[in-house]
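Every chain is numbered from 1 and lettered A, B, ... according to where its sequence line falls, protein lines coming before strand lines. Quick note: numbers below take in every heavy atom, side chains included, and nothing from hydrogens, waters or symmetry partners.
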2 protein chains.
Amino acid sequence: MNKKRQLLIDTALTLFYAKGINHTGINEVLSVSGVAKNTLYNHFESKEALIIATLEQRHTLFIEWLTSKLEGADSDQQVITQLFTALAQWFTHCDPILGDFRGCFFINSSAEFSDQGGQISLFCKQHKQQCRDLIGQSLTNKDASLLDAICLMKEGAISTAYVSGDVTIAKKCITLLNITAKNIN
Amino acid sequence: MNKKRQLLIDTALTLFYAKGINHTGINEVLSVSGVAKNTLYNHFESKEALIIATLEQRHTLFIEWLTSKLEGADSDQQVITQLFTALAQWFTHCDPILGDFRGCFFINSSAEFSDQGGQISLFCKQHKQQCRDLIGQSLTNKDASLLDAICLMKEGAISTAYVSGDVTIAKKCITLLNITAKNIN
DNA sequence: AAAAAAAAGGACAGACTTGTCCTATTTAGA
DNA sequence: TCTAAATAGGACAAGTCTGTCCTTTTTTTT
């Protein structure tokens, strides 16, 4: 049965993202999901294995979300607009796919586990790289500078929205990046 | 004696920043500092009180560092150059004041404690606001847009340097922000 | 030098954590 | 229907954590 496995991943991801991984015990995942401890350890070798599975789940979800949001953009200006409009929706808790905004799950997880070079940090790094690649493919300007600017602003916006609580920042990025895009060559 | 109190804060800050707050127990702070548990709880009501004290310590240190790095800049272009050159030094572990780079202590702490509206999250938010104010005071262009761009890039650079391990990103910000600065009006 | 405050050094409680093991029950496949 | 796998439901071990309490020693102040 993969149903129990999936239920555990879904429950763990929700709790990990909402409360932080270290503040969520295995027992809480079990009581919320209604699954027995025996079953969890049949599917996952350890808590870390469950963490990795939640990272993979969130990664798949986020890439799907990002892909759909970038779809149909046929100019760099449109890529910028669509991307940061989508981020604004996420920040204001108006996105049904990504759920209640509590920052970036991967940035948060990297912060919780400062095991540099470890499995968790490595996964977060790869996630960011794939997001960058995806945005890069949507751009017609293949100069790396514009992509740099967009990704920097994206990371900055996520961090600012979460730490400073400024959810209006995503919209400002659109104006700023359009200035950059027009003058980068 | 404030010496013991300060020693506890220094030791805790070093460990908290290096390993994360949740992965650093009180007992480790005690054994590394050589202070007795009794003494710690005479100076601090709880672990959370010690955490707040380390945040205050780091805040003071960071503001001093930022102030010194922005000193003498008499153009916006120079503010940008000096700020991101300083960040580059920090990222490459070449800064003796801020110590080994492990991301932003405040972003990390916010990620660890998703107690939105809680004491820790609030302090992190205020720290970011004060950094913004300090940079804003150094700028001659009092339009908020340039300040927005600089702060967004700064947050993005810190996050990218830590999660993606790209320490070259700070230098790229200088070029990008100079484009923004020239075309923002 | 005497009195008071601070710190050391442990022991310990209580709660929490992950992970193992056992038996009974339910579910799925042959 | 019969068999085998999966799950439930606990008990439990071994470790962690924060925080309290005690006595003894050191340091500071009067």
Under 4.0 Å between a side-chain N/O of [X] and OP1 or OP2 of [N], yes or no?
X       : N      : value
B:Lys47 : D:dT18 : yes
A:Thr39 : D:dA8  : yes
B:His43 : C:dA7  : yes
A:Lys3  : D:dA6  : no

Side chain of A:Val35 - closest among D:dG19, C:dT18, D:dA8: D:dA8
Are the side chains of [X] and [Y] in touch, meaning some heavy atoms are under 4.5 Å apart?
X        : Y        : answer
B:Ile150 : B:Leu139 : yes
A:His127 : A:His59  : yes
A:Ile9   : A:Phe44  : yes
B:Lys171 : B:Thr85  : yes

Ring pair (Phe, Tyr, Trp, His ring centres under 6.0 Å) between A:Trp90 and A:Phe84, intermediate numbers included: CA-CA 10 Å; A:Trp90 182 28; A:Phe84 285 88; over 10 Å; no
Please produce a list of atom pairs where a protein N or O lies less than 3.5 Å from an N or O of nucleotides 10-15 of chain D.
none

Interatomic distance where [atom1] belongs to [X] and [atom2] belongs to [N] [whole Å]:
X       : N      : atom1 : atom2 : answer
A:Lys4  : C:dA28 : NZ    : P     : 10 Å
B:Leu40 : C:dG9  : CG    : P     : 15 Å
A:Ile51 : C:dT17 : CD1   : P     : 14 Å
A:Arg5  : D:dT7  : CZ    : P     : 11 Å
A:Asn27 : D:dT16 : CG    : C1'   : 14 Å
B:Phe44 : D:dT18 : CZ    : C1'   : 15 Å
B:Leu8  : C:dA8  : CG    : P     : 9 Å
B:Ile26 : C:dC16 : CD1   : P     : 18 Å

Between the first and last five pairs of the helix from C:dA1-D:dT30 to C:dA30-D:dT1, the angle of the axes, rounded to 10 degrees: 30°
Sidechain-backbone polar pair: B:Tyr17 side chain, B:Arg102 backbone, donor-acceptor under 3.5 Å: yes
5′-ward residue of the pair A:Glu45/A:Asn22 relative to DNA chain C: A:Asn22
Verdict with supporting geometry, A:Phe113 and B:His23, ring pair (Phe, Tyr, Trp, His ring centres under 6.0 Å): CA-CA 8 Å; A:Phe113 298 88; B:His23 286 140; 5.4 Å; yes
Polar contact flag, side-chain donor to acceptor under 3.5 angstrom, A:Ser145-A:Asp143: yes
Straight-line distance of B:Leu176 CG to A:Asp148 CG, nearest 0.5 Å: 6.5 Å
Any residue meeting side-chain contact (heavy atoms from CB on, under 4.5 Å) with A:Tyr41, in chain and number order, not counting sequence neighbours: A:Ile26, A:Lys37
Touch class at under 4.0 angstrom, heavy-atom based, for B:Asn42 against every strand present: nothing
